[in-house]
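Below is one structure, written out as structure tokens; comments come after it.
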Amino acid sequence: MSRDPSAADPGAIAPLLSYLGEIGYGDLYLRDREAPMAVAAADSSKAPEDHPAAPQGAPSAGGDREAIAALAALAQEASGCTRCGLAEGRKHVVFGTGDPRADLMFIGEGPGYHEDQQGEPFVGNAGNLLNKIIEAIGLTRAEVYIANIVKCRPPNNRDPLPDEVAACRGYLERQIELVAPKVIVALGRVAAQTLLGNDLPLGRMRGQWYPFHGAQLRVTYHPAALLRNEALKRPTWEDMQLVRDALRAP
Ligand code: URA
Ligand code: URA
């Protein structure tokens, strides 16, 4: 899982610049001498659909192989889950996607319409923005792991209820254990409150690292919130720069 940014194609910077321009950080980016290097691993020639949901590539070690197999078995188990009422309305269980041994894991709230239809997290508008955010720190969607607090879509995208969160929690805990990321990003209030076990507003949870199941956890805004409120894009980018730096630290 080595990601030497210096090995990157400088041409890959173009999509980042376009993303940053779009979300209003162009000037900030240009002042940050580090950022262009960080970007390089992103391969802009690939649309998100080109990254299959299934684990890619040969496991590098026995431990990886076992963890990957265990994660696949857990996904299989979850696919028939009836632990809560959300099972009734779903089309697909949306278990997770990406590199099963990723250093970086994103945790959202729960599937929306498109996710339920396709069985994959973050494939709608918020997902497109999340992909750009991931690429802005020099990674691709396939190189991170993405999951949600609840694996089945709540009706009308309402917040998941406490009993639904509780019923699903074991899956997420096993996912975190098996992926064993270095850094976890909680996307939005519901994910952050659930993971941290509090009821604080999102703004109070941002701005610090939390030790979490052997990883470091950081809270940032949900990409859907960024789509509603442009002003949240800059603080999110600041959070993500810290995430990028933490991933690079030894
Ligand atoms: N919002 C989420 O929290 N998760 C998804 O998978 C999609 C949108
Ligand atoms: N409230 C949320 O639920 N998410 C955000 O990202 C910001 C505010």
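Whatever order the structure lists them in is the order used to number ligands and atoms, beginning at 1. Heavy-atom basis, side chains included; hydrogens, waters and symmetry copies ignored. Note that the structure is predicted; figures quoted are calculated from it, not measured.
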Suppose we measure from [atom] to each protein heavy atom; which comes out shortest, and what is that distance?
atom                   : result
atom 5 (C) of ligand 1 : Gly110 O, 3.4 Å
atom 1 (N) of ligand 1 : His222 NE2, 3.2 Å
atom 4 (N) of ligand 1 : Asn148 OD1, 2.8 Å
atom 8 (C) of ligand 1 : Phe122 CE2, 3.8 Å

### Query
Does ligand 1 have a heavy atom under 4.0 Å from the side chain of Glu109, from its backbone, from both, or from neither?
both
### Task
Output the list of atoms in ligand 1 that are nearer than 4.0 Å to some heavy atom of Pro121, sorted by atom number.
6 (O)
### Task
Provide the number and element of each atom of ligand 1 under 4.0 Å from a heavy atom of Gly108.
3 (O)
### Task
Inspect the contact between Glu164 and Arg158 and indicate whether a charged nitrogen and a carboxylate oxygen are less than 4.0 angstrom apart.
yes
### Task
Using modelled atom types only, decide if a donor and an acceptor are shared between the side chain of Asp116 and the backbone of His92 within a distance under 3.5 Å.
yes
Atom pairs and distances, donor-acceptor, side-chain atoms in residues 177-186, under 3.5 Å, two or more places apart:
{"unit_1": "Glu177", "atom_1": "OE2", "unit_2": "Arg174", "atom_2": "NH1", "d": "2.9"}
{"unit_1": "Lys182", "atom_1": "NZ", "unit_2": "Leu247", "atom_2": "O", "d": "2.9"}
{"unit_1": "Lys182", "atom_1": "NZ", "unit_2": "Ala249", "atom_2": "O", "d": "2.6"}

### Message
The test is side chain to side chain contact (heavy atoms under 4.5 Å, CB included); show your working for Glu109 and Val150 and say whether it passes.
### Response
CA-CA 6 Å; Glu109 176 175 333; Val150 293; 5.8 Å; no
#### Entry: CD/Glu88: more than 12 non-hydrogen atoms of other groups inside 6.0 Å
no
### Task
Decide if the gap between the ring center of Phe106 and the ring center of His222 is smaller than 6.0 angstrom.
no
